Peer 1: 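I am attaching a structure below and will ask some questions about it afterwards.
Fair warning: this is a prediction, and the values are worked out from it, not measured in the lab.
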Amino acid sequence: MAWRSCSVLFRVGEGLFRCSTKNGRWPHNVQQKCGFRKASRKPETKKVEEELGSSRTEPVEAEVHHRTSPSDTPRASQLIKPLVFTVGFTGCSFGLAAIWQYESVKFRVQSFFDQVHADWLEKLRPQKRGDFRKEVNRWWNSLSEGQKTVTGIIAANVLVFCCWRIPSLQPTMLKYFISTPASKALCLPMLLSTFSHYSFFHMAANMYVLWSFSSSAVSMLGREQFMALYLSAGVVSTFVSYVSKVATGRICMSVGASGAIMTILATVCTKMPEAKLAIIFLPMFTFTAANALKAIVALDTAGLLLGWQFFDHAAHLGGTMFGIWYALYGHDLIWKNREPFVKVWHNFRTQGGGGRGGGAGSGGSA
């Protein structure tokens with residue numbers, strides 16, 4: 001769930017965002033409706049600096065007050081830089097994923113005999129009992145390829161969630177881990193905000209959905225293509241959110257991984273429309289992936305048109321549509337045409353003394 005969190009004492013661009021706390025703690029309820037009022041510059045600036053020092057405990061969960069002067073309102077021209085970043089980051093993600101796949105296949109081929117030798121030595125070495133490392137390895141080997149792949153993503157989300165609780169990191173977190181088109185830092189937060197969550201429940205719900213779909217998605221796409229799609233989806237969904245906020249004038253702050261997760265979910269549902277799904281709290285009710293996808297699109301479209309503020313429906317819808325597009329057209333358009341790029345990398349590695357690599361670039365998932 002990508003929460004549209006309107007909060008925190010935070011100055012973005014020329015805008016002043018203010019939140020309230022009780023006894024130094026953030027309120028448990030999320031106030032999603034954005035209010036706008038005009039504020040004087042100097043007194044409020046000083047007050048922000050004073051209050052920010054005593055309020056750096058948790059991320060955004062309060063009401064936003066923003067100056068309404070024309071210079072403060074983001075204009076459509078300010079979306080050019082995020083658009084260029086979105087296109088460039090998506091291209092780089094899939095390009096690096098293709099290189100990663102090439103290097104992975106090359107490494108597996110070259111290390112095959114080394115692994116056989118290591119297995120032979122392992123049999124000769126006396127076995128240790130109760131070894132913690134061995135237990136960890138046993139657990140790790142029991143995971144599917146998809147679960148292993150998303151473990152790093154989940155760890156990154158947990159790390160960012162913990163960083164929100166460190167007072168000295170609050171200025172950095174507020175600047176780079178919350179997305180809003182009113183911020184001076186427009187591009188980097190488009191990616192980093194997808195690893196940021198305002199509450200443990202918010203993070204846990206998103207990570208559970210990601211974990212649930214990871215095995216199907218990675219077996220379908222391969223881990224390299226999956227990672228490229230996931231990271232690109234986070235940026236694409238945030239850009240759609242930017243466009244919606246500028247168009248409607250509702251300049252709120254957003255955090256959460258669900259834009260990217262919606263892309264993965266939509267891709268799997270589009271590729272496997274007859275798969276049976278169920279809600280964790282209502283396991284007795286099942287429905288097809290195609291019907292689930294239609295319900296998600298309908299819900300987020302209604303939320304966007306009706307101006308619902310609890311979730312960032314624009315980011316959800318943008319991620320979902322990107323996933324549908326990628327399943328139908330993007331895979332053939334982008335991933336299946338990576339061979340010329342991989343050949344260029346192969347020639348570069350070979351001529352640059354990278355060693356023999358013969359034909360490894362064509363391996364991996366289709």
Side-chain angles (χ1 to χ4, degrees), residues 2 79-102 104 146 149-150 152-154 156-157 160 176-177 179 181 185-196 206-207 209-210 213-214 216-244 254-271 293 296 300 312 314-339 341-342 345 364-366:
L79 295 174
I80 295 177
K81 189 176 179 180
L83 175 61
V84 173
F85 177 78
T86 301
V87 175
F89 182 84
T90 301
C92 290
S93 295
F94 282 95
L96 291 175
I99 294 174
W100 179 18
Q101 186 184 73
Y102 167 89
S104 296
T149 301
V150 301
I153 298 175
I154 295 174
N157 280 268
V160 173
Y176 294 110
F177 286 83
S179 64
L186 285 173
C187 296
L188 198 55
M190 296 176 70
L191 173 64
L192 297 182
S193 65
T194 62
F195 294 89
S196 183
N206 276 340
M207 295 303 100
V209 175
L210 178 62
F213 281 86
S214 61
S216 299
V218 173
S219 64
M220 181 187 304
L221 302 171
R223 61 176 180 172
E224 298 87 1
Q225 186 182 186
F226 171 86
M227 288 299 299
L229 180 61
Y230 181 87
L231 295 176
S232 300
V235 175
V236 170
S237 61
T238 304
F239 176 73
V240 175
S241 176
Y242 277 8
V243 173
S244 174
S254 298
V255 295
S258 59
I261 293 173
M262 286 292 182
T263 296
I264 301 301
L265 188 151
T267 302
V268 173
C269 291
T270 303
K271 289 285 190 179
L293 189 58
I296 290 172
D300 286 320
D312 192 340
H316 285 197
L317 190 60
T320 302
M321 299 310 295
F322 181 60
I324 295 173
W325 173 82
Y326 189 82
L328 296 177
Y329 309 106
H331 176 77
D332 294 338
L333 182 64
I334 300 176
W335 193 248
K336 286 190 175 180
N337 290 322
R338 71 192 185 281
E339 185 175 354
F341 177 77
V342 173
W345 175 255
S365 63

Peer 1: Grab the two heavy atoms, one from A266 and one from T320, that are nearest each other, plus how far apart they are.
Peer 2: CB-O, 3.4 Å

Peer 1: Determine yes or no for a side-chain-to-main-chain donor-acceptor pair under 3.5 angstrom, with S216 supplying the side chain and F213 the backbone.
Peer 2: no

Peer 1: When you measure from the side chain of S237 to the backbone of G234, do you find a donor-acceptor pair of N or O atoms at a distance under 3.5 Å?
Peer 2: yes

Peer 1: Please lay out, stage by stage, how W325 and L333 fare under the test side chain to side chain contact (heavy atoms under 4.5 Å, CB included).
Peer 2: CA-CA 10 Å; W325 173 82; L333 182 64; 4.0 Å; yes

Peer 1: Which pair of heavy atoms, one from A156 and one from F195, lies closest together, and at what distance?
Peer 2: CB-CD2, 3.9 Å

Peer 1: First locate atom CG of L210, then atom CG of N157, and finally report the distance between them rounded to the nearest 0.5 Å.
Peer 2: 8.0 Å

Peer 1: Between OG of S241 and CG of D312, what distance do you get to the nearest 0.5 Å?
Peer 2: 3.5 Å

Peer 1: Looking only at heavy atoms, what is the nearest atom pair of F341 and G95, with distance?
Peer 2: CE2-O, 3.3 Å

Peer 1: Taking ring-ring contact (aromatic ring centres under 6.0 Å, His included) as the definition, give me every residue that meets it alongside F85, ordered by chain and number, with sequence neighbours left out.
Peer 2: F89

Peer 1: Just verifying a value: how many Å separate W100 CH2 and L96 CG, rounded to the nearest 0.5 Å?
Peer 2: 10.5 Å

Peer 1: If you look at every heavy atom in A97 and A228, which pair is closest and at what distance?
Peer 2: CB-CB, 3.7 Å

Peer 1: Decide whether S258 and N206 meet the rule of one side-chain donor and one side-chain acceptor closer than 3.5 Å.
Peer 2: no

Peer 1: Supply the atom-to-atom distance M220 CE to L229 CG, rounded to the nearest 0.5 angstrom.
Peer 2: 11.0 Å

Peer 1: Give me the one residue out of T267, T270, T263 that meets side-chain contact (heavy atoms from CB on, under 4.5 Å) with I324.
Peer 2: T270

Peer 1: Indicate whether the side chain of Q101 and that of R223 have a donor and an acceptor atom separated by less than 3.5 Å.
Peer 2: no

Peer 1: Got a sec, which residues hit ring-ring contact (aromatic ring centres under 6.0 Å, His included) with Y326, two or more places apart in sequence or on another chain?
Peer 2: F94

Peer 1: Any chance you could lay out the side chain to side chain contact (heavy atoms under 4.5 Å, CB included) test for V235 and T90, step after step, and finish with the verdict?
Peer 2: CA-CA 8 Å; V235 175; T90 301; 5.5 Å; no

Peer 1: Which atom pair, heavy atoms only, marks the closest approach of V342 to A98?
Peer 2: CG2-CB, 3.9 Å

Peer 1: Between Y176 and S193, is there a donor-acceptor pair closer than 3.5 Å when you use the side chain of the first and the backbone of the second?
Peer 2: no

Peer 1: Could you report the tightest heavy-atom contact between L186 and Y242, atom names first, then the distance?
Peer 2: O-OH, 3.0 Å

Peer 1: Quick one: does S196's side chain have a donor or acceptor within less than 3.5 Å of a partner on F177's backbone?
Peer 2: yes

Peer 1: Would you compute the distance between atom CG of N337 and atom CD1 of I334 and round it to the nearest 0.5 angstrom?
Peer 2: 9.5 Å

Peer 1: How long is the span from the NZ atom in K81 to the CE atom in M190, to the nearest 0.5 Å?
Peer 2: 11.5 Å

Peer 1: Would you say that M262 contacts L317 through its side chain, given a criterion of any heavy-atom pair below 4.5 Å between the two side chains?
Peer 2: no

Peer 1: Please assess V243 against L83 for the test side chain to side chain contact (heavy atoms under 4.5 Å, CB included), listing each intermediate value before the final yes or no.
Peer 2: CA-CA 10 Å; V243 173; L83 175 61; over 6 Å; no

